[in-house]
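Structure first, then comments.
Reckoned from all heavy atoms, side chains included, excluding hydrogens, waters and symmetry mates. Sequence lines set the chain letters: A, B, ... in the order given, protein chains first and strands last, and positions in each chain run from 1.
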Amino acid sequence: MEKKVRVRFAPSPTGGLHLGGVRTVLYNYLFAKQHGGDFVLRIEDTDQNRYVPGAEEYIFECLKWVGLEPDESPLHGGPYAPYRQSERKEMYRQYAEQLVKQGNAYYAFDTPAELEAMREKFRTEENPSPQYNHSLRGRMRNSLTMSEDEVSRLLKEGTPHVIRIKMPENETLTFTDIIRGEVHFNSSLVDDKVLLKADGMPTYHLAVVIDDYSMKITHAFRGEEWLPSAPVHLLLWKYLGWEQEMPQWAHFPLILKPDGHGKLSKRDGDRLGFPVFAMNWKDPRNEELTHGFRELGFLPEAFINMLAVLGWNDGTEQELFSLEELVNKFSLENVHKGGAKFNYEKAKWFNHEWIKKLPVDRWQSTVRKEFEKNGIIIKDEEKFIRVLELVKDRCTLLTDFFTQASFFFKAPEALDVASVKPKWNEDKSMFFDILSEKLTTLEEWNATAIEALFKETATEKGIKMGELQLPFRIMLVGGKFGPTVFDIAALIGKEETIARIRKGLSDIGL
RNA sequence: GGAGCGUUGGUCAAGGGGUUAAGACACCUCCCUUUCACGGAGGAAUCACGGGUUCGAUUCCCGUACGCUCUACCA
């Protein structure tokens, strides 16, 4: 019988959720749902120094926003609770002790200062970062070099210590990565990683193995930066006797900076002017605000879509995918091996496509809030929808709607008179005078009728339509943008149109 | 320094022993529109390098270069 697929995303609550993290969530989610499996969210909060209040709640809100909610988590509960590593603290030591008893790990009493001294002492140009490994552990203060009596005395006295894995010498460690195929390591080149810290908390290495085992995780996906520590995890699965239960691994390619090389960081976003976090993140320690995709006007559908194809594609020309389609079409085999540079322009293109693709009611309320924030209260919902339909082609971000459509609800404050003034004359002035008169008596108020009247009047005055449309636009809109002028006039209504012509006339002067 | 991983246009990328090496974003030209966009047509631009294997390599093999990641009592 096939085991039920179970995957997990295991963030540490240290700050905003990076777009790469969201992609990892996405790929996990897609894989799980495709196989009818479970998606587990586990909080890796074993580093008490890095704990940031609010970060966990923030992660949940992000997942909710993008629609990738876990089946099990500290918030959603589940049969393998607790899902917060700090709450599972007790079990880790027990396993670490077991490893010591088996001879696969050992106590180490070296203080941070001693470790630093060791690194200092052995650092050379050839070896800039000396490791605590098979060749050095014999010279350090640990249960391998000290007598049993001394070790138990130190332990009894409560001397701070860690537990380190004892990496074997010269073993070839191999595993098959779903994306990369067979990967090999020589165990001699891996250091004796700390498993249990002096404060009793496990390190990632120990915790990830124990939790993946006890939560029955079948497939473990993470970023490529974890590849070098895979041999440690491999050995842990083996030493703990769980080799048969080890999940299948896949290491995802990294998302890189748009310029130069290297992992994309929050700093790059600040520097280059685009978001890196899913949502706004305010660091409680310094009140610093980092902008997120959500607040900048991205649709979750677009955000997900853009992330999905950053490192994966289905082999066809299709670029626009809904979450449902992704669940059906995603495959780890088609995930790229190489990292991809993030391209903000393309990200915006996806958003624009989704604005056009989705029915207005999917984002209408978000835009309404944006309007309200800027002092425009929408009273006529029907008109609002017509306006949104009319301008959506020219909005890339949800936040663009305000500049593209606020004039439908509020007369422009300043008119770009400079662009009409040079060609302005008395004839034109008279034209608008007459036009506003005639509009008063226009019975049917729609774009076609307004345009017909406009044309008729222009012909009477012997002025070309084109000469008059721009001034008309400036009067109604304030600037050189927006949809067809007659559509605008139709939507803002007779009174308002006439009022704006009058105001425009006086602003332009003669 | 070491180890691991990677390398198709500026970017995302399809493809894979014989192809005119798709497509998208960006860029350029033109059309549409007497606003700004959308849209449409076209253009420029790519298989890191060197050796093999082969009748034939972008594709397979081996090197080299370059890049990235890791090298913490962080994840």
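If you check G1(B), A75(B), C5(B) against the side chain of Tyr204(A), the one that comes closest is A75(B). For Lys263(A), whose side chain is taken as the heavy atoms from C-beta onward, the closest listed nucleotide among U69(B), G4(B), C73(B) is U69(B). Here C38(B) is the nucleotide among A3(B), C25(B), C38(B) with the atom lying nearest to any side-chain atom of Asp393(A). The side chain of Lys337(A) lies closest to G6(B) when the candidates are C12(B), G6(B), C74(B).
In this structure, Phe342(A) and Phe293(A) have perpendicular ring planes: the angle between them is above 60°, well past the 30° mark. Ring orientation note: the planes of Phe109(A) and His161(A) are tilted relative to one another, at an angle of 30° to 60°.
Within the 4.0 Å cut-off from OP1 or OP2 of A14(B), at least one side-chain nitrogen or oxygen of His336(A) is found. Proximity of Lys197(A) to the phosphate of C74(B): a side-chain N or O atom is located under 4.0 Å from OP1 or OP2. Distances shown here put a side-chain N or O of Lys356(A) below 4.0 Å from the OP1 or OP2 atom of G39(B).
Lys348(A) comes within 4.0 angstrom of no nucleic acid atom, judged by non-hydrogen atoms across all strands. Residue Val477(A) is out of contact with every strand shown, counting any heavy-atom pair closer than 4.0 Å. Heavy atoms of Thr484(A) sit under 4.0 angstrom from at least one base atom. In this structure, Gln131(A) reaches the sugar-phosphate backbone alone: every heavy-atom distance under 4.0 Å involves primed, P, OP1 or OP2 atoms, never a base. Val162(A) comes within contact range of at least one nucleobase, with a heavy-atom separation under 4.0 Å. As judged by a 4.0 angstrom heavy-atom cut-off over every strand, Val183(A) is placed among residues touching the sugar-phosphate backbone only.
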